Amino acid sequence: MSRDKDRFLNILLISPSIIAVFIFVYAFIGWSVRVSLSKWKGLNADYTWNSINNYLELFKDPRFHVDIRNTLIFTGVFVIGSMLLGFLLAVMLDQGLKGEGFFRSLFLFPMAISYIVTGVVWRWLMNPATGSRTSGLNLLFTNIGLDSLANAWHTTPTWGIAAIALAAIWQMSGYTMALYLAGLRAIPAELKEAAQIDGANELQIYRHIMLPLLSPVTLSALIILGHMSLKVFDLIVAIAGKQLPLDVPAIYMWQITFDGLFYGKGAAIGIILLVSVAILIIPYIRYTLKTEAQS
Amino acid sequence: MTSKLRLGKTWLYIPLILMAVFYLLPMYVMLVTGFKSFAEIDLKTMWNLPKGSPSITTSKRGKTSRPTSKTVS
């Protein structure tokens with residue numbers, strides 16, 4: 001009897017959050033799906049059935065092709081760069097040097113800064129002007145005699161988006177370092193000592209013992225960085241504004257919905273973004289829930 | 001043994017300090033710009049220290065001819 005009462009009380013207590021999540025997350029996702037399948041254009045709601053034509057048009061749209069290409073380049077450079085840099089920093093900090101705390105806080109600090117602030121500062125640093133208007137990093141390179149390093153940054157054709165990824169790496173590699181550092185600290189010292197006694201050198205220890213043991217951390221970092229880079233919007237707008245060579249799906253969605261008033265197409269881009277993030281996230285969540293249930 | 005290990009790892013400070021410079025550059029720009037007046041903010045002089053109050057004027061390269069800095073220099 002009291003068990004039934006407990007059960008009832010439990011459901012009653014979590015029902016506000018269940019209802020809120022259902023309305024504000026799933027109901028709105030459902031609504032976006034419905035809008036993405038409609039002909040809604042302009043300020044008045046229009047739910048005329050349009051099947052999947054919005055999606056088909058998007059995949060034929062040259063601008064959307066640029067978006068996908070840019071997202072792939074950005075994700076590749078940002079995820080690989082952050083993870084490599086984060087791992088190397090974590091390994092260096094794990095050597096028990098003096099001043100470790102100082103370097104750790106320093107590398108982690110950019111995470112405390114908003115993407116907009118990062119964007120504005122990097123917009124100055126990566127100013128592509130040449131000649132007497134040279135400024136930012138290019139000016140610094142020229143002043144210390146490294147003229148060859150000066151470049152057009154985000155205005156480089158095709159690969160300009162990689163410059164934006166540099167700013168994102170600056171912001172997020174410290175976070176990856178913290179993840180890896182926590183992972184490294186959790187590995188028992190005996191494993192390393194045993195490998196040393198067996199005659200393994202530092203490189204072999206990291207390659208064959210540390211890296212496999214760190215694979216859950218690598219997976220977490222990959223997912224966290226990956227879904228952030230798929231959704232990137234504010235950083236690009238703060239650095240370069242909304243310009244076509246640096247377009248990503250989120251910017252296209254903003255422009256087509258709020259500047260162009262094509263609500264149906266905008267919702268379709270939103271759903272494509274949601275699905276691409278979900279493909280990345282859902283296996284990870286299932287994996288985490290499974291391992292948590294086991295332990 | 002431990003001192004030998006320590007010595008062998010000192011070179012790690014070189015990449016660490018290089019990386020510290022990479023992380024500090026944007027923060028330096030942020031901080032320095034935060035202390036500048038609106039008239040002083042210019043991409044040409046973004047690496048210069050802020051002029052501040054006349055008594056602690058430090059920058060010698062700033063070319064902006066603001067009346068306050070003129071009277072000091």
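Keep in mind that this is a model prediction, so the values were computed, not measured. Order of the sequence lines fixes the chain letters, A, B, ..., with proteins taken first and strands second; residue numbering starts at 1 for each chain. The analysis underlying the following values was restricted to heavy atoms, covering all of them including side chains, and did not include hydrogens, waters or symmetry mates.
Side-chain contact between B:P26 and A:L125 is present, with at least one heavy-atom pair separated by less than 4.5 Å. Taking the side chain as every heavy atom from C-beta outward, B:M46 and A:N127 never approach each other to under 4.5 Å. Residues A:N143 and B:W47 are not in side-chain contact: their nearest non-hydrogen atoms beyond the backbone lie 4.5 Å or more apart. In this structure, A:L88 and B:M19 have side chains that are not in contact, with every pair of non-hydrogen atoms separated by 4.5 Å or more.
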Side chain to side chain contact (heavy atoms under 4.5 Å, CB included) between B:M30 and A:I113, intermediate numbers included = CA-CA 11 Å; B:M30 243 180 260; A:I113 298 165; 3.7 Å; yes
How far apart are the C-alpha atoms of B:L25 and A:W170, what are their side-chain angles, what is the distance that settles it, and do they pass the side chain to side chain contact (heavy atoms under 4.5 Å, CB included) test?
-> CA-CA 10 Å; B:L25 271 184; A:W170 177 81; over 6 Å; no
Show your working on side chain to side chain contact (heavy atoms under 4.5 Å, CB included) between A:L89 and B:Y23 and close with a plain yes or no.
-> CA-CA 12 Å; A:L89 290 176; B:Y23 283 96; 3.6 Å; yes
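Chain A forms the most heavy-atom pairs under 4.5 Å with one residue out of B:L16, B:T33, B:L12, and that residue is B:L16. With respect to chain B, the highest number of heavy-atom pairs below 4.5 Å among A:P110, A:G174, A:G136 belongs to A:G136.
Listed for the B:Y13 side chain is a donor-acceptor partner under 3.5 Å among the backbone atoms of A:K98.
Atom OH of A:Y175 is surrounded by 12 or fewer heavy atoms from other residues, nucleotides or ligands within 6.0 Å. For B:Y28, the OH atom sits in a packed shell: over 12 heavy atoms of surrounding residues, nucleotides or ligands are nearer than 6.0 Å. Enclosure of atom CG in B:L24 by more than 12 non-hydrogen atoms of other residues, nucleotides or ligands within 6.0 angstrom is indicated. Other residues, nucleotides and ligands contribute more than 12 heavy atoms inside 6.0 Å of the CZ atom of A:R63. Heavy-atom neighbours of A:I144 CD1 from other residues, nucleotides or ligands within 6.0 Å: above the threshold of 12.
Looking at A:L137, both its backbone and its side chain come within 4.5 Å of chain B, counting heavy atoms on both sides. Heavy atoms of A:F107 lying under 4.5 Å from chain B belong to its backbone as well as its side chain.
In this structure, A:L166 CG and B:F22 CZ are separated by 5.0 Å, a value rounded to the nearest 0.5 Å.
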